[in-house]
Structure formats: structure tokens, C-alpha cells
2 protein chains.
Amino acid sequence: MDISERKKRILRAVIEDYIATAEPVGSKTIAKHAGLDISPATIRNEMADLEAMGLLEQPHTSAGRVPSPGGYRFYVNELMEWHRLSIQETERLNAALHLKAQELDRVITEASRVISQLTKYPSYAISAGPSHVTIRRFDLLMVERQTFIVVVMTDTNLVRNKLLRLPADLSETQIQLLNRLLNASFTGLTSEEITPELMNMAKQTAEDAYALLAMAVSFAIEVMKEQGTYDVHLSGLTRLLEHPEYRDLERVQPLLSYLSEEKALSTLPMPDDSQVKIYIGPENVAGALQDTSVVVASYDIGDHMRGLIGIVGPTRMDYAKIAARLYYFADGLAKFLGPGAPPPEH
Amino acid sequence: MDISERKKRILRAVIEDYIATAEPVGSKTIAKHAGLDISPATIRNEMADLEAMGLLEQPHTSAGRVPSPGGYRFYVNELMEWHRLSIQETERLNAALHLKAQELDRVITEASRVISQLTKYPSYAISAGPSHVTIRRFDLLMVERQTFIVVVMTDTNLVRNKLLRLPADLSETQIQLLNRLLNASFTGLTSEEITPELMNMAKQTAEDAYALLAMAVSFAIEVMKEQGTYDVHLSGLTRLLEHPEYRDLERVQPLLSYLSEEKALSTLPMPDDSQVKIYIGPENVAGALQDTSVVVASYDIGDHMRGLIGIVGPTRMDYAKIAARLYYFADGLAKFLGPGAPPPEH
DNA sequence: GTTAGCACTCTCGCCCCTTGAGTGCTAAGC
DNA sequence: GCTTAGCACTCAAGGGGCGAGAGTGCTAAC
């Protein structure tokens, strides 16, 4: 976009003032801004130009100017200085990152809660599993007659178990045999690779105990599928109400309802490249997000797994600060969960 | 309370009309009620009496009457006819109860979601674990050098596992020994009964492998503790906004914020006797619930475990219908999860 | 190209008025 | 002595009018 230096400075002043106050910004306010030695009238002319370019908007004739989504976009792309976290801020974030070593989904939940608290916006967190999980190891345990435990471990080091009951009396030897069969035939395969033919072959070998084997395998498939799917979590929904743009019930309700729907969460932006992405107003696909912005950071947690953590808020938000915090936080999470991470403590 | 038959009929008419319309009820409206052949003037006199008794209230001088919390209480205790579910309703509830056989906490979540949908109020569900869980069985599996899986099964038939890494090279024989030791010494004990002395004794026996044993035991304790604690879940928070009493943001916000706090959920009513309990307005202890009512049903799910499922809404609610639905639903959940329940399907 | 001046526009808050619903009281009726 | 018609009174809600204030666009001078 071809735009004079002065216009840029004015645009930036308008946006930053509006971010801070939530009130339309007039020419006089900008004129008072240090560093800009021009009269309100000149600024008015410039602002009219900026409006014509689609970077500013007027709520009504006699109000000040407000940034348009396009204006925010231009600001984010070209004008914004990436916020440098203060020492206090990094300390707060570090403290928040001291999550207890727990199951992955607990970490996700907790991270989301914390980010929501720090940013004052609702936050969502997603852990996207790897696309190709395989089972690394099976263990079949007999608890008592007709009661068994199957334990599977994936190549992503996840261990899951299930209690099985079935009306079949099997000997210890049969169990051991079955165990060996499972480990020989069904490890290292993705769920798609476990075909009916394969199952049939197994049936030949372990006729008596086939029911148990089938249950163990279908549990394994379930675990692999579960790993591959997204796990989304949302926190701090009602923080929306703390922001002036949502003082009006008519305006919040659709957004609240949208965000409380489980399935809606999966329509939230989920970028799979870069580190911090910003979606401003109509850049969002979901209809209910047309007046909101989403800032989301993604991070690598090793083993082909990725995580996302983001926030949802009004288009008027301090993108610089929010993006910096998310970036830092995601980075911390990556270190905490990622490839080189230390084993969980006890 | 000593109160004439006619007053009762008027009170009931007021309450039921108010429940249906959410508007203060005037004497004329009541007079038109079939079955009451008295003039508005007489009704006005009676209503003034009912107000003096604290059963009705007037929002302002020239408005109709509105039930007070005490009025609702009297209605619930003495006037209300328990709603009989229609065939359609039981069918809807039955359909909703067809939950997939899954982990307990998934069932809880799902049940809460469904009840919220059916009642149009936010719903909470709690599974209260038994107070004395013990471990029934340990299994220690070696995955590879320095990597182990510990599997524990409680007397409530819950199976949990954890992946352990520790810098100790143990032989298969050692593992088996440890396994036997664990099963001999640490099964059948509650977490309190696992004393430092007991641990010390174990240390003597299994010196080399003590670190692994200690980790297995502390995991077991963790699992027992987890079982004993409450697990609370809330669904459909934003449904509050669908009700006219919450059209005002000032009024909803505190309630929404209260209910979105994780820890606040544990201050929700959790009766441990009877089957359906109703808490009206100020009968709730929590400050944020002074203007809301809570209806909660409890049910037995065997093994000394209990579940609760309840809803939160304005004091103006159709107690008869809501209570009947919760009762039916809780009953269904008890059958589904309870002592005589069939084993999970596959 | 910049700026002072000015008329114009539009929102917001305020006051006032009307309307309508509902009450309590009084006096008459059964 | 209870019931009821009649009536004056009260109060919330909605609508119109008005002034203040903020900000604009245009014009003309610098």
C-alpha cells in the first residue's frame, strides 16, 4: 500500500489511542500527540483520506474515527512494534508456566486457563495429535476368570488401558500366547493398516481366544484414533463481558453461544505454519467471529505433535502485547513438552 | 402454616401464572382463572394478606404480585403437583440416556450437556467418589531399559497406568519380585494406611529397586486420592441468557463469573441424602446464588459411589417439571451406571 | 500545503408528558 | 360480615422535544 509517512503516523496514533480508550478518536486528540506538530484541520484532511482508503471508519458523521479491520491489518503488518515483555511480565509468564507434570490434556487445560487469566480474554487450546500413530507394545493381564486388562503403549509414549470382561475362560498360557501374537502382529501398524484380512489371519491362529484379541485390537485402534484427533479446550469465556464492546447483551450473546458449543471450537482458526497468527474480524471464516479477532500461537511438541494456544476478543485489542505474550508462552510450552523436554518429574 | 384453602388456590394461581409469563400477576388475571368464582377486589384483599405473610412480593406499588422465595418454598412443599412426564418426554430422556459406554467422567460430562439441553438451564454434574478406595492389583511392566509401566487397579474396578522412566537397570526377575512385593504388601490398603513405616519395611526387602517401588506406590496413592475427590462439570452456561430475568447484563455477569470459576463449582449444593432437592434463592449459601434456584438429583452408582446432577436457574422456574425430569434422568443414570449395571459394551 | 473559522450533523442525556396497568380504600349489596 | 363495584392514586415505561457537546467538512486566508 502506497501511503505517506505522515499518514502512517496518524493511523498509528488513532489505532493506539483507540486500543487504549475504546472511544472514537478525534482530530484534536491526535494533534495533542507528542511528535506530531500539525493542526487538527490538517489531521482531519489526512483522516478523510485514510477513511477513503478503507483504513478508518466513522461510527456516525459527528463522531471520531475508529480503525476498520483493514486498518488493524495494516497496523499489524507494517506499523506495530512487537511488544517487548517487561521483566515482571516474563516472570509472571514463567510462574504460570510452572505447570505440574501431568497428562498432556491437563497441561492443555491449565495453559488455557492461565493464558485467559493473563490476557483477560477467553482462551482456547488445542493439541493436535500426529497423523500416524502406531502401537508399540501390548500387555494383556488377567485379573480373574473372565476379567482382563489390556494395556497398550503407542509410539508417542502414551499408555492407555481398559478393563475387559468377557465370558471366556482362558489359561495363563493362552494369555501369554495371545500377548505374543498381539505384539508380533499388531505393533508398528497405523489404524488403517489393521485390515479385515489381518484380523482373519489372527483368527486362524488364536481361535479360542479370538474374542479377547479382537477386543484388545479394537481398543488399540480407538487409542490410535483418539491420538490423531484434536482435543480442544476453552477457558475464561465470561471474560468477554469485562470488555466495553460487549457491554451490550445483544452483541455478546451470539458470540458466547457460539463459543460454548463444543463443535464450534473446531472451527476456530488452527494455522499449521508460523508461530503467531492474527485473524482480524472478517478474516475469520466463522460467522459469529466477524467482529472479533483471534490471536493464536502454535508450537511444536515433538513426535510430530503440535499444539495451539490462542485467545478470542474484540477487534480492538492490544495486538502487540497479546501476540508477544502468546509467543512467549507457546515457546515455553514447547520447551516444556517438546522433543528435548526432560522426563516428567515425580 | 395456617392458611385458608382459598388463599392457597390464589397463591398457586399466581405462582403458576408467573412461572409461565415472567410478568407480575394482577388480580384481574387471577379472577379470570377457571375455578375461582370471585371478584378481583376480593382477590386483592387476599393477595394483600399473602403479601403480609411473606409469600408474595410487589416489585413496586402499581405492579402485580410476584412470588417471594418463601412463596416458592411453600408452593414446592405443599401446593405443587409433581409433574408426570408425557410419553414424548420420557422418550426424549430415554434417547438422551443412550450414552455410549465410556469412561465415567465422559458419561458425567455428556449427561450434564444433555440435561442442560433438555431443561434450557446450565447444568452441573458431580461424581463423588467413595471415601475408602484400595488398590486391588498392581502390574509392573518393563518396556525397555529404564522405562517401565505401572498399572494399578482399584477395588472400584478402575484401571490406571503411568509410564515411568528412571535410571535403574533391573532384570526381569527383579521386576517380578517387585511385582509380587507390591501385590503382597500394598493391596487392600487405603492411602492413609500406607505409612512411612510400611515403606521402610519395603525398603529393606527391595533395596536395589526401591526407587521404582516408591514411584509405583506413590502413583497408587495418587490414583486413590483422585478417586476420592469430587469431579465437577458444568455445561450450558450461556443458556442463562435465554431467560428474561437475565436480559440485564449487570445481573448475569456476577452469576456467569461465579459459575465459570472452577472452584466455585464445589460450593454448589451437594446433598447427600434424598433424591431431588430444591434450593430456592437465599436458601443457597453461595452469595452469587441468592437470586437463583438450584434443583439437584442424586443417585447411587454402586461401590459406595454417588452422583449428582443439577441445574441452576432463576427462582422463577417450573419446579414441578424440572424436578421430575431430573428425577427420571438420575434414575436412568443409576440404572446405567449402578450396582446391577451390565458391563460396558464394545 | 497548512490552518483558522464556522456552519452543520449527530449522539446522548435530560425532562416532561401521557398511557396503562394495578392497587387500596370506601361504601353499598347480599 | 364477607363480597363487590367504583374511584382516586401510584408508578413504570415509552415517546417527543430540547440543549449540550464533540467532531466533522468546507471555505478562505496565510
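Each chain gets a letter, A, B and so on, in the order its sequence line appears, and its residues count up from 1. Since we're looking at a predicted model, the values are computed, not measured.
- Distances from the side chain of A41(A) to the nucleotides dA4(C), dC10(C), dG22(C) place dA4(C) closest.
- Look at CD1 on I43(A): it is 9 Å from P on dT3(C), rounded to the nearest Å.
- Looking at K277(B) and E283(B), no side-chain N of the basic residue comes within less than 4.0 Å of a carboxylate O on the acidic one, giving no salt bridge.
- Crowding of D37(A) atom CG: a count of heavy atoms from other residues, nucleotides or ligands under 6.0 Å not exceeding 12.
- For dG22(C), the OP1/OP2 oxygens have no side-chain nitrogen or oxygen of S27(B) closer than 4.0 Å.
- A donor-acceptor pair is defined here as one N or O able to donate and one able to accept, closer than 3.5 Å; such a pair exists between the side chain of D248(B) and the backbone of E250(B).
- The distance from atom CE of M47(A) to atom P of dT2(C) is 15 Å, rounded to the nearest whole Å.
- A sub-4.0 Å separation between OP1 or OP2 of dT3(C) and a side-chain N or O of S39(A) is present.
- Put simply, the side chain of S123(A) gets close to the backbone of S112(A): a donor and an acceptor are under 3.5 Å apart.
- When rounded to the nearest whole Å, the span between CD1 of I38(B) and P of dC30(C) equals 19 Å.
- Look at CG on D37(B): it is 17 Å from P on dC30(C), rounded to the nearest Å.
- With respect to R316(A) and E245(A), a salt bridge is recorded, a charged nitrogen being found less than 4.0 Å from a carboxylate O.
- Rounded to an integer number of Å, the gap from CD of E46(A) to C1' of dT2(C) is 11 Å.
- Nearest-nucleotide mapping onto DNA chain D: of T61(B) and R44(B), the residue sitting toward the 5' end is R44(B).
- A salt bridge is absent between R65(A) and E46(A); no separation between the charged side-chain nitrogens and carboxylate oxygens falls under 4.0 Å.
- For the pair V25(A) and R6(B), both in contact range of DNA chain D, the more 5′-proximal nearest nucleotide belongs to R6(B).
- One can place CG of N45(B) at 17 Å from P of dG22(C), the figure rounded to the nearest angstrom.
- As a whole-Å value, the separation of R65(B) CZ from dG22(C) P is 12 Å.
- A donor-acceptor contact closer than 3.5 angstrom is absent between the side chains of T119(B) and R325(B).
- Chain A approaches DNA chain D over the interval dA22(D) to dG25(D), counting the first and last nucleotide 5' to 3' with an atom under 4.0 Å from its heavy atoms.
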